[in-house]
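What follows is one structure encoded as structure tokens, with my remarks underneath.
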There are 2 protein chains.
Amino acid sequence: MSDDDHAKEVTLGRIETEVALLMRLGEATRRGTGTMEHRLLDRAAYVILRHLDVAGPQNVSALAARLNLDGSTVTRQVSALQRDGLIARTPDPADGRGTVISATAAGLQRMAAVQAARTRLYGEMLASWSETDRDTLAELLHRLNEALDARNRRR
Amino acid sequence: MSDDDHAKEVTLGRIETEVALLMRLGEATRRGTGTMEHRLLDRAAYVILRHLDVAGPQNVSALAARLNLDGSTVTRQVSALQRDGLIARTPDPADGRGTVISATAAGLQRMAAVQAARTRLYGEMLASWSETDRDTLAELLHRLNEALDARNRRR
DNA sequence: AAAATTACCTGTATGATACAGCTATCTGGG
DNA sequence: CCCAGATAGCTGTATCATACAGGTAATTTT
């Protein structure tokens, strides 16, 4: 193995390490902030509402595919969200089997509150960072996610 | 709000979005690769073995504190790992209450295999990236994790 | 119009985790 | 030296997120 290959290997190992760590820390953070605004929405509820916000009303299968979740999981999450009045189910006019899920005003508001709390948290944590570094992090994370997503979908 | 503040806000929002997405994609990837080398170790087992590898034998409480997990969770994970012969429990000579957890050769080997598989995966996914970008990603993720960790511990 | 597919739901199982309570051990102030 | 309180680890129990398998109803294909 050449020196270059070795350096590349080391870097990939570091990325692997840091992503694994981030997963754990992210979990812990989500749980730790539970007493505050976060407990308002659990994990899946948040991502579902976010997705409905950016992508608009859609049916369960579309959500499941987009979020890499089993349909049954989304069904249950959606049921819980409906119980809490955060989403509404309406029959799909174009397909009698389908139900269209749409976020309610309350749901969007709740989601926005959690989002704001989290953004604030990142603001505090990254207060000492340069704007350039923050920007670069956002950009590289975005590209990493694209790569992960592409890989997940391909297989 | 000044233009600068606004830009900062936007960047933080992007980071929040991308981290949330990464959590979901990471989960999906972990599950999706389950048929291969990954199924050899479940999530917590991997991080425990990794930590034992880098930080050496230690007792349950130390592991729990380091990994931001409840002691009971670590106890159970460790029991499963012991059942599979991947770690060994020995009484702590310095403290009759404690048990020292150490990775076995089999455990380290298993962990290394998973690590290699994941590193390979990142290599494929990030094949088109420049070495500079990969390096920057590793560095910024590291700093992000430090920030998250500091925040978790403070509270 | 029968067959195949799709959408959603429900039953059931698994895994990771937390919290509360237990026992054994340790430690520091009288 | 001894007891009160702290600590280490374990076990019981609960919750949550998720998957897979199977069911029903509606749709699409042939």
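The figures that follow rest on heavy atoms only: side chains count, while hydrogens, waters and symmetry mates do not.
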List the steps and the verdict of salt bridge (Lys or Arg N to Asp or Glu O under 4.0 Å) for Arg50(B) and Glu16(A).
CA-CA 12 Å; Arg50(B) 282 196 68 146; Glu16(A) 193 270 331; 2.6 Å; yes
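Taking the salt bridge (Lys or Arg N to Asp or Glu O under 4.0 Å) definition, one finds that Asp92(A) meets it with nothing, sequence neighbours left out.
Seen from the ring of Tyr46(B), Arg118(B) counts as a face-on cation partner, given the 6.0 Å and 45° thresholds.
Protein atom CD of Gln58(B) is 15 Å distant from nucleotide atom C1' of dG9(D), rounded to whole Å. Separating the CE atom of Met23(B) from the C1' atom of dC16(D) is a distance of 15 Å, rounded to the nearest angstrom. When rounded to the nearest whole Å, the span between CG of Asn68(B) and C1' of dT17(C) equals 13 Å. Between the C1' atom of dC16(D) and the CG atom of Asp84(A) lies a distance of 14 Å, rounded to the nearest Å. Whole-Å rounding puts the Glu27(B) CD to dA17(D) C1' distance at 9 Å. Between the P atom of dA16(C) and the OH atom of Tyr46(B) lies a distance of 15 Å, rounded to the nearest Å. Rounded to an integer number of Å, the gap from CZ of Arg83(B) to P of dC10(D) is 15 Å. Note: CG (Asp92(B)) to P (dT7(D)) measures 16 Å, nearest angstrom.
Sorted by first then second residue, the salt bridge (charged side-chain N to carboxylate O under 4.0 Å, His left out) pairs that include residues 93-103 of chain B, not counting sequence neighbours, are Asp95(B)-Arg97(B).
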Per-pair distances, 0.1 Å, donor-acceptor, side chain in residues 52-60 of chain A, under 3.5 Å, sequence neighbours excluded:
| from | atom 1 | to | atom 2 | distance (Å) |
| --- | --- | --- | --- | --- |
| Gln58(A) | NE2 | Gly56(A) | O | 2.9 |
| Asn59(A) | OD1 | Ala62(A) | N | 3.2 |

For residues 134-141 of chain A, dump all side-chain donor-acceptor pairs below 3.5 Å to protein atoms at least two apart in sequence or in another chain.
| from | atom 1 | to | atom 2 | distance (Å) |
| --- | --- | --- | --- | --- |
| Arg134(A) | NH1 | Leu126(A) | O | 2.7 |
| Arg134(A) | NH1 | Trp129(A) | O | 3.4 |
| Arg134(A) | NH2 | Glu131(A) | OE1 | 3.2 |
| Asp135(A) | OD1 | Thr11(B) | OG1 | 3.3 |
| Thr136(A) | OG1 | Thr132(A) | O | 2.8 |
| Glu139(A) | OE1 | Arg14(B) | NH2 | 3.3 |

Indicate every side-chain donor-acceptor pair of residues 78-87 of chain B with a distance under 3.5 Å to a residue at least two apart or in another chain.
| from | atom 1 | to | atom 2 | distance (Å) |
| --- | --- | --- | --- | --- |
| Ser79(B) | OG | Thr75(B) | O | 2.8 |
| Ser79(B) | OG | Arg89(B) | NH2 | 3.1 |
| Gln82(B) | OE1 | Arg89(B) | NH1 | 2.6 |

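Contact annotation: Gln77(A) reaches the phosphate of dT18(D) (side-chain N/O to OP1 or OP2, under 4.0 Å). Considering only side-chain N and O atoms, Thr73(A) lies nowhere under 4.0 angstrom from the phosphate OP1 or OP2 of dA17(D). The phosphate of dA17(D) (OP1 or OP2) has no side-chain N or O of Arg24(B) nearer than 4.0 angstrom.
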Nucleotide by nucleotide, nucleotides 5-13 of chain C touches protein heavy atoms under 4.0 Å in the pattern (B base, S sugar-phosphate only, - none) -BSSSBBB-
